[in-house]
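One structure is given below, encoded as structure tokens.
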Amino acid sequence: MNKKQTIGLIIAAGLFILIGVSSVLTNTFSQKALDASVKDALLLTGGTEFHAPKNDYIAVVNVVGTIQEQMETGIFDVEQSYQHVTTLDYIDRLIGDKNNKGMLLYVDSPGGAVYESEELYSKLQEYKEKTGRPIWDYMAHYAASGGYMVSMPADKIYANPNTTTGSIGVIMSGFDMTGLYEKLGMRYISITSGKNKDSSKMTDEQIEIYQSQVNECYEDFVEKVSVGRNMTVEEVKALADGRTYTAKQAKENGLIDEISLYEEMKADMSQELGIYEFYQPKTKDKILSELFSKASDLVPKSEAQILKETAEEKESGVLMYYAEQLQ
């Protein structure tokens, strides 16, 4: 361990102890300060507070970041930007709230895992079917792949003039590490119950198997777009080769309805529904997690850590509705 790494670890350890003591004190005093009546009315999930208005309102549902499984986080952890379980719980609460008169789905996402994207899509469909209330969709920086698919239950889709959308398709990716193993003098060994259990060295048959899974998810994606945009399957497939579209291109091809700024879209929605209050749950600030995150950044990463994180970012054999972003 070099001098720079040692100094970084010492700083991180000191902050860890300081933050731990502060956390105990903060939790103790905040718990006493929390009134019992407020505690009954408060749903805390993923650090988010839900206090729905007592009068008619439009709910803002954010889908920001990669659509993926929600991980449990401690007081020192920085939460994911998209909170899957929290979002589903929030929509369930809206379904049962008669004061809610509609939903503004704000999407800023390049997509994500097939599993969570499907769950969110189904929950939005459930909201529409059970309540009969409208969903309007606004696309910010990105609403691509899974971010586009979850927009399909919307009655109207608006996009920012500089939105990147589309990318209708499915990807399954991984790494062939054999060359690296050879250079390191390592040999991979696996004992399996069948010839297709080990995919470390992909055969033509295995590629065909995985391709069939990708194709199945792709057909389902196309069907959702066909229903959501009132297009034929053939019309969707002509656009669904994985490419992204600008807002202008998306509108010309029928993938969205309008191009506007966010506030203009909100004004249009308010005017049509006759509702002028928008409600969005507040996320509790996690000052401790942000402080600890900055402290951990001071510790230099080893080459092994960098390689591991790069591999995780690229996923490994998981079906994804995801748009690859240019770096």
Side-chain angles (χ1 to χ4, degrees), residues 58-59 61-63 67 82 84 87-88 91-92 94-95 100-140 142-159 163-171 212-259 265 268-269 272-273 319-323:
I58 296 169
V61 176
N62 281 335
V63 181
I67 303 170
Y82 171 70
H84 184 63
T87 301
L88 298 184
I91 297 172
D92 276 331
L94 295 177
I95 291 173
N100 171 243
K101 301 301 179 184
M103 179 191 299
L104 193 168
L105 186 66
Y106 182 91
V107 180
D108 194 353
S109 170
V114 165
Y115 186 94
E116 282 74 26
S117 297
E118 289 274 356
E119 274 201 325
L120 179 56
Y121 172 88
S122 297
K123 183 60 66 176
L124 292 167
Q125 286 286 79
E126 181 185 347
Y127 172 87
K128 284 189 66 176
E129 292 167 4
K130 286 187 175 181
T131 67
R133 302 168 198 155
I135 298 176
W136 286 35
D137 184 273
Y138 187 80
M139 298 177 172
Y142 295 97
S145 205
Y148 183 74
M149 193 192 76
V150 299
S151 300
M152 290 304 93
D155 300 282
K156 288 189 179 182
I157 298 179
Y158 283 64
T163 292
T164 297
T165 187
S167 188
I168 301 169
V170 188
I171 184 172
S212 70
Q213 296 173 8
V214 168
N215 292 345
E216 182 178 317
C217 291
Y218 171 76
E219 293 293 336
D220 182 64
F221 194 163
V222 167
E223 179 64 26
K224 286 178 170 60
V225 177
S226 174
V227 173
R229 298 306 299 162
N230 193 27
M231 301 166 69
T232 66
V233 169
E234 291 71 24
E235 288 173 331
V236 176
K237 284 189 173 182
L239 303 170
D241 60 1
R243 76 181 69 184
T244 58
Y245 295 92
T246 65
K248 183 179 178 181
Q249 292 169 342
K251 185 177 180 182
E252 289 172 350
N253 286 292
L255 296 177
I256 66 172
D257 298 302
E258 301 290 344
I259 299 174
M265 180 267 195
D268 287 351
M269 189 175 187
E272 182 159 325
L273 271 61
L319 287 165
M320 301 285 288
Y321 293 136
Y322 196 80

Please examine the side chains of Ile58 and Trp136, heavy atoms only from C-beta on, and report whether any two atoms are closer than 4.5 Å.
no
Rounded distance (nearest 0.5 Å) linking atom CG of Asp155 with atom CE of Met103
10.5 Å
Spacing of OG1 belonging to Thr246 relative to CG belonging to Asn253, to within rounding of 0.5 Å
9.0 Å
Rounded distance [0.5 Å steps], CE in Met265 versus CD1 in Ile157
10.0 Å
Contact check, side chains of Ile95 and Asp92, non-hydrogen atoms, under 4.5 Å:
yes
Heavy-atom check, side chain of Lys101 versus side chain of Arg133, under 4.5 Å
no
So, taking the atom named OH in Tyr245 and the one named OG1 in Thr163, what distance separates them when rounded to the nearest 0.5 Å?
15.5 Å
Measuring from atom CD1 of Ile135 to atom CE of Met152, what distance do you get when rounded to the nearest 0.5 angstrom?
11.5 Å
Are any of the side-chain heavy atoms of Tyr158 and Met269 separated by less than 4.5 Å?
no
Glu216, CD: over 12 other non-hydrogen atoms inside 6.0 angstrom:
no
Check whether the side chains of Tyr121 and Asp220 place a donor and an acceptor atom closer than 3.5 Å, and report yes or no.
no
Could you tabulate the donor-acceptor pairs under 3.5 Å formed by side-chain atoms of residues 227-235, not counting sequence neighbours?
| residue | atom | partner | partner atom | Å |
| --- | --- | --- | --- | --- |
| Arg229 | NE | Gly254 | O | 2.9 |
| Arg229 | NE | Leu255 | O | 3.4 |
| Arg229 | NH1 | Asp257 | OD2 | 3.2 |
| Arg229 | NH2 | Gly254 | O | 3.2 |
| Arg229 | NH2 | Ile256 | O | 3.3 |
| Arg229 | NH2 | Asp257 | OD1 | 2.9 |
| Thr232 | OG1 | Glu235 | N | 3.0 |
| Thr232 | OG1 | Glu235 | OE1 | 3.4 |
| Glu235 | OE1 | Thr232 | N | 2.9 |

Glu126 meets the salt bridge (charged side-chain N to carboxylate O under 4.0 Å, His left out) criterion, sequence neighbours left out, with Lys123, Lys130
Can you tell if the side chain of Ile91 reaches within under 4.5 Å of the side chain of Leu120, non-hydrogen atoms only?
yes
Val225 side chain near Leu239 side chain, heavy-atom distance below 4.5 Å
no
What's the separation between atom CG in Asp137 and atom OH in Tyr148, rounded to the nearest 0.5 Å?
9.5 Å
